[in-house]
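Keep in mind that what you see is a predicted model, and the values were worked out from it rather than measured.
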Amino acid sequence: MAGQPKASFYLVLALVVLGLIGVAVWRADILAPKAKQENQKIDLGTLGGEAAAEAADAGGVTTVKEYKFRPAEKLPPVKGTSSYKPLDDNTVQFALNVWAGWGPIISANEGFKPGKVWKTADGKEFKVSLVLIDNPVAMRDAYAQGNVHVGWATLDMVPLFMEGFVDATGKPKDSRVMPRIFQQVDFSNGGDGIVVRENIKTVADLRGKKLVLAQNSPSHYFALNMLVAGGVQPAEVQMVFTEDAFQAAAAFNSQRDIAGCVSWAPDIYNLEKVKGNRMLVTTATANKLIADVWFARADFAHDHPDLIEALTRGIFDGMQALKDEANRKKCAEFMSQGYGIPASDTINMFGDAHSTNWAENYQFFMNQNNPANFERIWNQAYYLYRRIGAISHQPVPFDQVMDFSMIEKLGKEEKYSSQRDEYKLRLAPKSVGQIRAESDEILTNTVIIHFFPNSWDLHKTITKEADGKTVEEMYDPHVDFVLEDIAKLAGQFGAARIIIEGHTDSSRRGEVPASLVKELSENRANAVKEALAEKYKLDPNQFSAQGVGWDRPADPNDPDNQAKNRRVEIKVFSAEKQ
């Protein structure tokens with residue numbers, strides 16, 4: 001009949017309609033791709049009705065933080081004439097403190113005095129004098145004045161040093177003094193810890209209590225990290241400061257009104273044995289938090305790259321040598337002489353630090369996805385110290401002090417490139433019940449991931465109208481930043497057991513079975529676990545996922561804040577008792 005559509009028109013129309021329905025179903029995650037749904041049940045995204053565990057939410061999260069990645073800047077050039085003291089008898093002045101991590105260079109140098117003759121790659125001879133300067137301020141001043149060519153630090157301390165080296169904008173006052181960090185020597189591995197009274201069960205229990213420690217020190221950084229990770233504002237804890245960590249331990253031992261003490265071995269372990277005290281956490285659990293490094297003056301590094309390379313090689317080779325028990329005993333004797341403490345104590349010190357070989361340095365300096373790398377520790381130190389007002393200048397970008405040239409160069413040699421990361425723990429999988437029964441909780445970190453109702457897809461997208469156009473955007477645009485924060489926490493607590501709790505909202509309480517809700521919350525916890533293992537290469541056995549459902553609202557005073565209730569909580573448990 002004239003004007004009537006032909007049969008082919010209806011066929012095409014039917015195909016278009018079916019195609020649109022298919023796209024809608026796919027977006028709703030009702031029939032997600034098989035690869036995405038592996039080991040998961042069907043996402044309840046838009047099923048509606050009684051099958052949905054949560055009510056629909058048309059609002060969504062619309063705040064977007066735009067950012068751009070920038071290429072790494074080159075280290076700033078050194079200006080002016082070198083101002084360090086010349087090498088007397090070709091001897092490098094290398095400052096260090098009383099710490100087990102310096103064993104490799106003490107061993108390589110055959111003691112503290114400049115007796116051994118070192119050689120550069122091209123055969124140039126030089127010597128090394130290891131100068132004990134335990135006070136970090138005195139060491140910084142000797143370094144700034146050019147009396148020592150190489151300084152010691154934990155990486156988190158260096159931003160504090162920068163306060164005297166840069167102006168308010170973060171620009172160098174004198175480029176010759178700016179530090180160049182070439183090598184990580186160790187991670188603290190039990191040498192630092194927090195001892196508390198027995199009534200302090202988790203970090204949160206320190207709220208409103210006294211905590212004694214050495215200000216602007218690794219102890220300070222350790223404490224700030226633990227508090228912030230445990231949801232405690234630093235201002236909520238009354239910090240009492242002493243000149244050093246040993247005095248902090250003495251103060252805690254004599255004053256019962258002090259609830260906790262941040263110090264290091266052997267004092268923390270002696271305090272733990274006192275009745276009424278307990279160990280809250282040590283760097284045996286938070287084993288990738290405090291990194292020891294050495295750095296050279298920029299002018300010295302510019303003038304003597306061959307010496308820098310030889311020192312880097314010597315320290316790496318010293319790490320390998322100390323795997324031999326006879327060499328460890330000899331090194332303990334050298335440390336005893338230089339540190340002025342009994343050899344029986346120095347031999348026991350080796351367990352307080354984990355020497356980081358070339359492979360571990362590569363991960364530290366050059367792996368951007370490593371949650372405990374140089375960049376993340378540097379940025380975290382700036383964040384924490386600026387938060388409490390210890391630093392007033394604008395942060396110096398990490399790539400203005402980090403110099404990975406030697407790590408990169410040595411990696412071209414099989415001697416170093418064949419080394420493997422020896423600090424990866426192999427954890428057996430454990431249930432949530434086993435972890436809670438066998439370990440003590442250290443802290444709880446609540447993170448908000450705005451899950452789409454009934455969904456556990458971390459990267460869920462939604463469509464909306466904007467300026468007359470249909471656009472697609474992520475339901476929670478901040479999810480990758482949140483995952484990075486969790487990864488950083490998990491990376492720092494490399495030897496801890498971590499429980500990921502998934503939570504749902506209670507919008508359909510009384511309408512759907514609790515089992516459905518618990519299943520959804522467990523899927524959310526597992527989604528976070530899988531994302532951490534995939535992107536950051538974290539050991540999945542470190543994590544245990546648990547679905548809590550709607551039983552514990554995020555804010556008991558506002559239990560119907562459903563956006564907050566769709567969340568995960570990260571609970572860190574000590575693995576030391578296992």
Side-chain angles (χ1 to χ4, degrees), residues 75 78 82 84-96 99 101-133 139 142-143 146-153 176 178-186 292-324 327 330-331 334-335 338 355-362 364-366 401-419:
L75 289 164
V78 180
S82 299
Y84 58 87
K85 289 190 176 180
L87 277 67
D88 184 25
D89 193 26
N90 287 329
T91 301
V92 177
Q93 302 295 321
F94 192 123
L96 46 69
W99 178 243
W102 300 114
I105 192 169
I106 295 172
S107 176
N109 197 49
E110 298 175 2
F112 282 66
K113 296 181 179 179
K116 175 186 171 178
V117 176
W118 292 59
K119 289 187 178 181
T120 64
D122 60 0
K124 176 183 175 182
E125 295 184 350
F126 70 101
K127 297 178 182 178
V128 177
S129 176
L130 300 178
V131 185
L132 181 62
I133 311 179
M139 185 278 300
Y143 165 89
N147 294 328
V148 295
H149 310 112
V150 175
W152 66 267
R176 298 171 298 180
M178 290 293 285
R180 296 281 189 272
I181 300 175
F182 291 95
Q183 187 178 29
Q184 178 195 13
V185 295
D186 67 68
D292 288 276
V293 299
W294 61 269
F295 54 90
R297 289 174 54 105
D299 51 4
F300 179 81
H302 177 268
D303 295 344
H304 302 287
D306 53 345
L307 302 186
I308 297 295
E309 179 183 340
L311 288 170
T312 306
R313 289 178 180 274
I315 292 173
F316 279 145
D317 294 348
M319 293 177 185
Q320 297 303 308
L322 287 179
K323 292 182 177 181
D324 179 81
N327 290 334
K330 188 63 178 176
C331 182
F334 292 140
M335 292 167 67
S355 295
T356 46
N357 63 20
W358 178 88
E360 291 156 25
N361 266 258
Y362 181 88
F364 186 68
F365 281 90
M366 303 180 72
V401 295
M402 182 184 82
D403 191 327
F404 57 79
S405 59
M406 296 303 163
I407 303 302
E408 191 173 44
K409 182 175 183 178
L410 296 188
K412 297 177 182 178
E413 301 178 19
E414 197 272 340
K415 175 182 180 180
Y416 301 105
S417 64
S418 63
Q419 295 179 0

Do [X] side-chain atoms and [Y] backbone N/O form a donor-acceptor pair below 3.5 Å?
X: Ser107; Y: Gly103; result: no
X: Gln184; Y: Val293; result: no
X: Asp403; Y: Arg180; result: no
X: His149; Y: Gln93; result: yes
X: Thr356; Y: Glu360; result: no
X: Asn109; Y: Val128; result: yes
X: Gln419; Y: Asn357; result: no

Taking the inter-plane angle between the rings of Trp118 and Phe126 on a 0 to 90° scale, is it parallel (under 30°), tilted (30 to 60°) or perpendicular (over 60°)?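 Ring orientation, 0 to 90° scale: tilted.
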
Geometric class of the Trp294/Phe94 ring pair [parallel <30°, tilted 30-60°, perpendicular >60°]: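 Rings of Phe94 and Trp294: tilted, as their planes differ by 30° to 60°.
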
Donor on one side chain, acceptor on other, [X] and [Y], under 3.5 Å:
X: Trp99; Y: Asp292; answer: yes
X: Asp186; Y: Trp102; answer: no
X: Asp317; Y: Tyr416; answer: yes

Check whether any side-chain heavy atom of [X] lies under 4.5 Å from a side-chain heavy atom of [Y], and answer yes or no.
X: Val78; Y: Arg176; value: yes
X: Phe300; Y: Leu307; value: yes
X: Phe112; Y: Leu96; value: yes
X: Lys124; Y: Lys119; value: no
X: Leu87; Y: His304; value: yes
X: Ser355; Y: Val185; value: no
X: Gln183; Y: Ile315; value: yes

For Phe365, does the CZ atom sit with more than 12 other heavy atoms under 6.0 Å from it, leaving out its own atoms?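 Atom CZ in Phe365 is crowded, with more than 12 foreign heavy atoms closer than 6.0 Å.
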
Can you tell whether the side chains of Lys116 and Glu125 come within less than 4.0 Å, N to carboxylate O?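 The answer is no: the pair does not qualify as a salt bridge.
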
Would Asp299 and Arg297 pass as an ion pair if we require N to O under 4.0 Å?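 A salt bridge links Asp299 with Arg297.
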
Can you confirm if the aromatic rings of Phe295 and Tyr143 lie within a centre distance of less than 6.0 Å?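 Centroid separation for Tyr143 and Phe295: below 6.0 Å.
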
Among Asp88, Asn90, Asp89, Thr91, exactly one meets side-chain hydrogen bond (donor to acceptor under 3.5 Å, both in side chains) together with Lys127. Which residue is that?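 That would be Asp89.
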
